[in-house]
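Because the structure is a prediction, the values reported are computed rather than measured.
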Amino acid sequence: MSMNDLISALLWATFTVIVSQAISVAIMWWLGLPPSKLIHEIEDVQNIAVGAVFFIITLIASIFIGFMATEGFTPDPDGLISAAWIVGGLILSILYTTLSFTIAHRIFKPLPGEGVYGYMRREIVEEQNGALAFFLGGLATAPFIAVVFQLL
């Protein structure tokens, strides 16, 4: 594995995350929910159908882009190199997910002084906001799928 392989995997994963989220927002907009209304439907109305559609579109788009961006299955390198790619992929996926959750937190309406964790806990656990759960699931799905396809 070369530095070019690493850079290529990083760029394709980034591309997949950004494009799958953009496609999801664009389709929701086409359905009549521009970003400002999308936020209202997810957080205030807690419209689970909107969250589910966002999740499904993100899942499909990231799988599609992942298939297109991979060269297919390649035999795993030996031992430590495989472990390094897996650990690196997990770290990258977690970083992208954390970044996505942080951006969503800033866009939505947290209570004053409420951090990302507190906001997610209140909305998902206490208020049982299924729409937000699906929305955040979509944000988390794309990075992990993108990295899996880069590891293939």
Side-chain angles (χ1 to χ4, degrees), residues 1-109 116-117 119-120 123-124 128-152:
M1 299 285 165
S2 68
M3 183 59 95
N4 286 341
D5 291 336
L6 180 64
I7 291 170
S8 176
L10 180 64
L11 291 175
W12 274 112
T14 303
F15 176 77
T16 302
V17 169
I18 291 170
V19 171
S20 66
Q21 301 305 320
I23 289 170
S24 297
V25 170
I27 289 175
M28 295 307 293
W29 202 333
W30 177 72
L31 291 172
L33 287 173
S36 61
K37 288 183 181 179
L38 179 64
I39 292 167
H40 172 74
E41 285 295 313
I42 290 172
E43 190 168 79
D44 298 329
V45 177
Q46 297 186 5
N47 185 337
I48 199 160
V50 170
V53 167
F54 187 90
F55 176 83
I56 292 165
I57 293 168
T58 300
L59 178 64
I60 292 168
S62 59
I63 289 172
F64 175 79
I65 295 167
F67 271 123
M68 296 308 184
T70 187
E71 294 177 10
F73 177 76
T74 54
D76 287 335
D78 293 334
L80 289 177
I81 295 174
S82 279
W85 274 95
I86 292 169
V87 169
L90 284 171
I91 290 169
L92 180 63
S93 298
I94 291 168
L95 287 174
Y96 277 130
T97 299
T98 302
L99 178 63
S100 296
F101 284 5
T102 302
I103 292 169
H105 171 259
R106 291 182 184 268
I107 292 172
F108 283 88
K109 297 179 245 165
V116 176
Y117 174 76
Y119 170 74
M120 288 174 32
E123 283 285 336
I124 295 171
Q128 299 178 6
N129 186 343
L132 184 66
F134 272 119
F135 179 80
L136 293 175
L139 294 179
T141 298
F144 283 92
I145 288 176
V147 167
V148 165
F149 278 107
Q150 292 307 307
L151 291 174
L152 291 178

Atom CZ of F64 with >12 non-hydrogen neighbours under 6.0 angstrom: no
Between [X] and [Y], which heavy-atom pair has the shortest distance, and what is it?
X   : Y    : result
S20 : I65  : N-CD1, 4.2 Å
V25 : P35  : CG1-CG, 3.9 Å
Q46 : Q128 : OE1-O, 4.2 Å
K37 : L33  : CB-CD2, 3.9 Å

Taking the side chain as every heavy atom from C-beta outward, state whether [X] and [Y] have any pair of such atoms under 4.5 Å apart.
X    : Y    : value
E123 : Y119 : yes
L95  : L99  : no
N47  : I42  : no

Which value, rounded to the nearest 0.5 Å, describes the distance between [X] atom [atom1] and [Y] atom [atom2]?
X    : Y   : atom1 : atom2 : result
M68  : W12 : CE    : CH2   : 10.0 Å
K109 : D44 : NZ    : CG    : 3.0 Å
S100 : Q21 : OG    : CD    : 6.0 Å
L90  : T97 : CG    : OG1   : 10.5 Å

For residues 49-58, dump all side-chain donor-acceptor pairs below 3.5 Å to protein atoms at least two apart in sequence or in another chain.
residue : atom : partner : partner atom : Å
T58     : OG1  : S24     : OG           : 2.7
T58     : OG1  : F54     : O            : 2.9

If the test is side chain to side chain contact (heavy atoms under 4.5 Å, CB included), which one of I18, V17, L11 qualifies with T14? I18
Can you run down the salt bridge (charged side-chain N to carboxylate O under 4.0 Å, His left out) pairs that involve residues 15-30, sequence neighbours left out, and say none if there aren't any? none
Could you go through residues 131-149 and list every donor-acceptor pair under 3.5 Å that involves a side-chain atom there, pairing it with any protein atom two or more places apart or in another chain?
residue : atom : partner : partner atom : Å
T141    : OG1  : G137    : O            : 2.6

Does I103 form a side-chain contact (heavy atoms from CB on, under 4.5 Å) with R106? I'd like the steps, not just the answer. CA-CA 5 Å; I103 292 169; R106 291 182 184 268; 5.9 Å; no
